[in-house]
Every structure is written in structure tokens, then in C-alpha cells.
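Read the structure below first, then the notes.
Proteins get letters first, then strands, A, B, ... in listed order; numbering begins at 1 in each.
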Amino acid sequence: MWLHYGQPPGPPSATLAFLANLILSVMREEDGVLSQDLLQRWGNRLQSALRHIDPGIQDMPSNLVRVRWNGLFVASMALLGKLDDTMDGCSVLFHQDDPKHKSTLRGHILQVYTIVALSVFHYHGAAAVLDFLIEHPWVDKYFTAEPNSPALVPDIKRFARTVLPLLSGITDPVGHLQEARTIRSDRQLSAMGSILIRVAARTGRDPYPILEFLQRHKIFVPDEVVFMVIKELARANSFDLASQLLERYSPEVVTPKGERRPRPGFHATGLFLASRRGDVAAAEKYYSFLSKRSQADADDKASYMHAYAVASQASKAAKLFDEFFPAGDNPRSKHEHPNIVHYTTIIFAYAQVGDLESVNLWLGKLSHAGFRPDVHVYSIILQTLAQRGDIESMSSVLDQMRRSKVSLTAVPYTTLITILGKRQDPHGAERIYKRAIDEGVVPDREMVTSIMNAHVESGSWQGAIRAFDYLMTPGRPGAALTIEVFNTLMKAYVLIAAPFRIVAHLFRQLGKVNLRPDARTFALLIQSACDSGFMDISEDLYKEMERLATEDKQTSLKANVHVLTIIMRGYLLTGRRLKAKGVMDRMKALGVEPNAITYAHIMKAYAEQTTSEGAQVAENLLRSLMRDEKRPWLQLERGRRLALETVYRPLLNAYAKRELVYDVERIHREMMDAGGEPTLGTLTALLDAYRRTGNIEGVRSIWPEIRRLGHEYTRHNSLLTSGQSSGPSLSGLGIIMCIPLSIYVDALSVAGEHGEVALVWKMLKDEGLQFDSHNWNHLVVALVRAGEPHRAFDIVENVILRYQAQARAQYGRGRDMHPSSPLSLDLPPPEEGDLPTPRPEAPLHNAPRRAQLSERTTKRMRNMTSIEERGSQDFAHPLLMLQQLSPLWNTWRPHGATLTLLGQVLDHLRSGRLVQPVRPNADAAFEQAALDATEMKLRTEAAGIVLGGIYDAFPRTVQLIAEYEIMKRSSQRGMQQDSS
DNA sequence: TTAGGGTTAG
């Protein structure tokens, strides 16, 4: 008995085959954790097993048995780590590895190569595996399946699948090639480069820099490898670069005999590229070329349909499917059967246009054809539902995936992270990421970028910087500085209202890191120029973008609705309506369709005018939009319901601000009649209108609706994060719930409903709502109105100022430039004591406010010329500086109005009067009813005690009030001097 | 487990 794993089966040839398979399966099982001990053990076992087989076997006439025996002997040496012997052995084996030989024999040799590669990797690392491959040039040909040996295909694939991932350990392939250039021949460099390109493509890294290096040094790269790079670029949406590469090739080659032939792979690659960019005309051209020569295979058919899917022509894609695969087709005609990808493509096509009914229909067809929906299919469906904001259905799809044991990959997880980011729940997004990692998903760049974006969206700059630093750390899964990562960082700068100078400086660094700006980069830069009021600069930038798009053929820089909307809004904000109108004309001329957001900005500009004419213009525009039968502006990515809200809200908000309750109600009703639904935003406008007009009944009627929507919102977030609906918790709730709470508290306390304020506050606190700085400031005011000055001061001293100290401490916290995880969840929590976690700083999704802040930050930073230069290779450094300099960083502070009121309270107490609660139908907090002398005396004493208590317990707040008053007085004096 | 799905701008 020489093996624990059973008796050797029968004749030598079968025994040898058994051994090869056994060792491979052991090595694969041990996947990645091969121990030296295990390799040695199996090397020895294999040698003793080989000795047990007839020693004379090497002289046997049967080539097959002899080669098998020799091959396994080489494998045993590899297992024992004898590198030189192994390499010599491989060179001998090479002579048997000939296309003339039977595929069983060559399959066996491939198995030996696989064992050798795994062993070499273990003993000597990734670079040694690459050396093995290029020093035995016959081996690397197996990275392409030879069409003339179909029986060998499974072995070839297994070989490539096992060996290529080993090489991903070479983290800097271009550097590796650069070094190899001194010792390797061009032939070897060519092989090396081709293999490294394959590895990059397979592991999702950008293969282009490798190709670029090889071409720069005039090293031959086979067409097939270049075409692979083109496909990878197309997959990564780098269409311009992909086209440029393909354009260097002629569609034909000339054979040695002088015949002209189509260049193999050229048309299929062109088709793939055209399909990805949704260029149906080009796809049609390539496809018909292939089809006429009967060279259109299953992949080409899928590509061709994909073109129509991307172009949002779902029914055309489905029509092609029916043409390619007619129903009732003879099941035995092998080529004409659709595979799961063909079905998936049609499902994707209908998902693109939001046609869920057809998605379901084709899902049925897919199942009927005997396929089971896999993770790709589910991902497409999840993405569609995410776009429509249908969280309930997303949750049931996730359940269904769990039930059918389809495990999630980075792709559906990224969809979940993205939607939570957009819902301003970075904590939820991080929890999903963590769950993915726990389930063994390897994160990629898209997934981490999505985490970074979740932080940027909600103004959690520290979190954004941490994710960015992770992406900038070589060797971390997904780490790379690509244009999306750069854009996400740039968005942080725009949202924090960085001075244009800083954003422009960042933009100028792009070239240094070999990145090209895309339309989004320009949109952000132009946005920053607009925020800073530099409209002439933004026009220049727009012209530059257009020039690059036309002269430089960078089609990704074509003007679009985003950038034009940004410029138009820039003009509207500075009151240049004629210029704004000019931008609309430009859109029309370019055939760019304005969407709901474009129109919302126009309506906002008019509705906010103080005259009623302005509102009338806005109403007329709204009505004409709704009258339009086709309503092209309704096609917003985020779904129809949101588009309706977008165009109705400017009027709702403007009317609420002007206290026109009737008009707010009317517009709200019109929105509902048009098929819209009340949202937290629209209900908040109603609530505000009622508050401003002292309509407490109205306030009371709306509040429960707001609470219901708030709960639904967080329930949805928790459906996505935990997979099940947990109890009421508002912890994931964004700023959206904080605003109505402030309004509600204000309205209640003005109406003298102090008990109700306390009740609501406690209830929301218990439900886990993260109060923002405004909420606390409002609470202070409400406590004064409730006749509770001591408690009001307590909130400032022990909540607001403590949060302030905490925030400052956090900014001072050291930055980990190379975090091992992108998550802030993995950081130790800040010292909080008994304070609940506050909301991060208010995000700046509000352009006028941003413009204001950008002006102030610019002034503050006037004397700090070094902020950009100091960290020229560290793109996040200025952001770190800004979050401390920006007026935003001081979110946690008592507001001016709060300090003024508390100052009045102190004066009031000093004058011997108590702070009386506001009572219903009374309007002064400090009213003093007529009292007899004794009562007066008692009250004066009581006021003194309260005052003393406040001085004793809240010295910092008292001090702050004094400073604030001095500052106010001196600034008033300054203003008087200015005016005199 | 080749393919097909996601990431960044108003």
C-alpha cells in the first residue's frame, strides 16, 4: 500500500494518469496555502510510486506510458523544489509536446506543466514562474486555445486558469519588463509582455500601460494580444483609446503568397468595441462582414445584440434574438441555440429602458430554456430596481438569490453600496462592504470607489480620504488611481466649496499621473469655476472641452446635459438670465435634451423672485412641461417619480418661504394629480408653510406623514444592509429628517407645546436619529421658550461644545496613508463618552450656499499660497487642510441666533426677572405679569439663583456669549465707520 | 466561473 488514497488502478498508463490527476486535485484543494511540507511529502510519494511501477517502463515501446512516466518524474522534482533538474526535465518533455501527437499525451504534459508552475511559484515566487514560462517558449503558447486541437481545450483552459493568477503577484508589470530589458531577448520580452497583458486582463487590472511600454520599445505584440487590450479598454469604457488602437490596424493582411485576407480577430474586436459604446451603425457594419463570411459566432451575435441594448433599443435587440434563434428550431442543429448570455443580453436590453415586464418575460424564457438565473442576471435586475428606487423589490430579489444559493460578487454588492451612498448612509454602505469581504468577495476598484463616493456624498471627508488613501496604496485589492477615483476626489473639493484655484491646480496635476480628464472631470471643474463666480473661465473651459472633443477626437468629451446645466445655473445664480437663455439655445442646437434638473433650476430662479410675475413664469413653464405629451425631460436616470418631484419642488419651496400656504397646497395637489407622490422633501415644504403661518393644526397633520416616510426610508436602508427589517431605527437617516424635525420643534415651541417638544425629541432619540447641529441649536431655543434656561445652557455646554471639541480632535488625528481597509468602521471609534454619534457635517449640495462659502474660504486662504504645492503628489492633502479651514468645519457650534438669545436670557436674569415659558396664544418669552411686591422679591431671588447656577455650571458658554457680543459690537462699529 | 452585470458630473 503506497498511497492512502486507494489502490492504483490497473495498467501503468491508467495508474500514471490517476497520479497526475490526484496530485493536481490535492494542489488545487490546498489552493494558495500549499505548505512546503505538503509539497515535499507528495514529491516523495510520487517518486516512490513511480519506482513501484515497472522500472523498465522507460524502455517500453508505448510512447504514451513512457512520456507519462517521464513527465511525472519531472513533476516530482518540481514538488521537491529541485529547480534546475525540473527545468532540464521540461526541456526534454518539450520534444514529446508536439501537435502531431495524440491529445491525451499532450494533455498529460500540460498537467505536468501545471504542477511545475504551482511548485515553482511556491518555492521561488511569481517572477520565477514567469521566467519558467519564457525560458520554455513552447509552454506559453498554451495561453491561447489552439483551434486545431479541440480535445485539448479543457486542459489548456485549466492550465491558463491555474497559472495566470499566480503571476498577478507581479504587482508592477511595467517595472518588471523594464528590468528584464537588460537581460532578455526581444523574443522573450515579447512573450513576457504578452503574458503580463493576459494576467492584467484576467485580474481586472489595466493592461494598457504594458502594451504601451512594449510598443514604445518596438517589441512585437501579436494582434490577438492587442485586440485583448482593446476589449479590456472597451469594458472599462475607455472607448477613445480603444478606437485609436484599433485604427492603427488595417482590416486586412497580406499572406506570403500575396493574397489579401481579413485580419483574424479584427472585425470581432471592432464589433465588440462598437457594441459597448452602443454604436449600432458600426456594429451592424462589422457584424454583416462576419456574417457574410459565416464567421459570426455565438459571441459575435451576443455583441451585436448588446449594441442595441446599450443604445436603448430593446425591441430591436429582441428581434435580432428571434432572427438568430428562431423558435421551434430543430434542437439538434447545434450552432443555432441561444446560450445564457444571449438571454441575459435581452434582459439587459429591457432593463436599460426600465421595462420590467419584458425583463420578467425574458426571465421566464431563460428558465424555460433550461437555464437558471445566475449572478449576472440578478445583478442586472438589481441595478434596474436600484435606478427606480424600488428597495422593496431589491430586497426580495436578494432573498431569492439567497434561496437559490446564488452567491453575490463584487458587482451586486457595488450596486447596493452605491444606492446606500446616494441615500446618504455611508455607515450602511460600509456595513455592506464588510459583509461582502466576510463572504469572501475580493473588492475591486469600483467597489471601493463607491465607498469613497458614499462618504463624499454625505460630507464625511475623513472617510473619503481614508478610502482614497486605500486606493492609492499599491497592492491593496482594487487599488489604482483612475479617472473615476480622481473625479470622486474632485467632487469632494467641489462640495466642500474649495477655492477654484485649488480645484484648478488639482486638475492640472492630471497629466503627471497619466490621466485624461473626461466629461465628468470637466463638469466638476466648470462647476467649481461657476461656484466661484468665474463664468468667463467656465466658458473657456467649456470651449477647451469642445475643442478636445472635435479636433482631438475625444468623443467622451462631447458636451452633454450635465455640463450645460451647470453653466446655465451659473448664469442664473448671478442673475444673468439672457446668458442662461443662450445656454438653453446652445442645448437645442446641439440636440441635447434638457431634463428635469435643467428645468428645475430655471423654475427655481424664477420662483424665488419676490414678484409674483416670476412665480407665474415658473408656473407657466411647469404647465407647459406637463402638457408635453412625450415629456422627454421625464427620462431621468433616477426614475419617473423623482423627476416629477424635481420639477415641482422649486415652486413648493418658494411658496413656502413666502408663506403662501394656499399655493403650496395647490402645487402639491397638482403634483399628486400628475402621478407624483409626497416625499420627505415636498412634505417638509408643506410643514414649513404651516409653521411660518402659525398654523399648528396644519403642522400636526403633516408631521405623522413625515415620520412615516422617515421610517420607511430607514426601513429600506436596513432592508438593504441586513436583509431583514429591524425595529424602528432612524440611525441611517440622512439630513433629510433633521430639517423637518427642526421645523417641527420650532413650531411646537412657538405654540407653547413644550411637553410635546420633549416627547418628540426623546422618541426620535430612542429610535436612533442622529441629530445635527441645527437640531441641537433649535432645542436650545425651544428650552428657553419652555422657561428652562438652565437646561438650554446645558445643551450648549455639554452637547454642542463637546461635539465641537470632538470634531477638532478628530481632524487632528493622524492620517494613515496606507490603510489596510478603506472602511472607517475599522477605525477605533472617537472618544464619545455618553454622547450619541452625530451626523457628519452638512453636505453642500446647495450651489448658492457653496458659492458663499467658496468666497469665504478663498479669502481665508489668500495668504496660504503653499497649500497646493505642499502636497503636490498627495491629491488629498489640500482636502485635509480645507476641512479644517473651511467655514464648514465649524458646523458644531452654537449659532449666532442661539448666542444672541442666551445673551438676552442672561440680561433678563441679571435684571431680576425669571424666564417664563411661552404659553399658547402668548408671544413673548420674557413677559412679566403684574405681581405684588413679595412675589417680585421672591422671583428676583430665584432669578439670581438661576443666574448663579448657570455661571457655575456653564462657564464656557457664558464666556462664548460675552465674546460673541463684543465681536458683534465691534463689527457694528466697523460698519458704522464704513458708512460714515 | 469565458461570455453577460457595477464605478465617477448637474
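With sequence neighbours excluded, the residues satisfying ring pair (Phe, Tyr, Trp, His ring centres under 6.0 Å) with Y304(A) are Y287(A), Y308(A).
Going from atom NZ of K301(A) over to atom C1' of dG4(B) covers 17 Å, rounded to whole Å.
Using a cutoff of 4.0 Å between basic side-chain nitrogens and carboxylate oxygens, E608(A) and K604(A) are scored as salt-bridged.
Among the protein residues, A351(A) comes within range of no part of the nucleic acid, since none of its heavy atoms lies under 4.0 Å from any strand. Nucleic acid contact class of V563(A) (heavy atoms, under 4.0 Å, all strands): none.
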Show me the protein contacts with nucleotides 1-3 of chain B, counting only N or O atoms at under 3.5 Å.
none

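K558(A) NZ: 12 or fewer foreign heavy atoms inside a 6.0 Å radius.
Partner of Y571(A) under the side-chain hydrogen bond (donor to acceptor under 3.5 Å, both in side chains) criterion, chosen from E539(A), R576(A), K581(A): E539(A).
OP1 or OP2 of dG6(B) has not a single side-chain nitrogen or oxygen of Q387(A) nearer than 4.0 Å.
The cationic group of R586(A) lies under 6.0 Å from the six-membered ring centre of Y542(A) and within 45° of the ring axis, placing it in a cation-pi geometry. A cation-pi contact, defined as under 6.0 Å to the ring centre and within 45° of the axis, links R577(A) to Y606(A).
Within residues 443-453 of chain A, the residues approaching DNA chain B are D444(A), R445(A), E446(A), M447(A), N453(A), by heavy-atom distance under 4.0 Å.
If you check distances only, the side chain of T409(A) does reach the base of dG5(B) with a donor-acceptor pair under 3.5 Å.
No hydrogens or angles considered: a donor-acceptor pair under 3.5 Å links the side chains of Q383(A) and T415(A).
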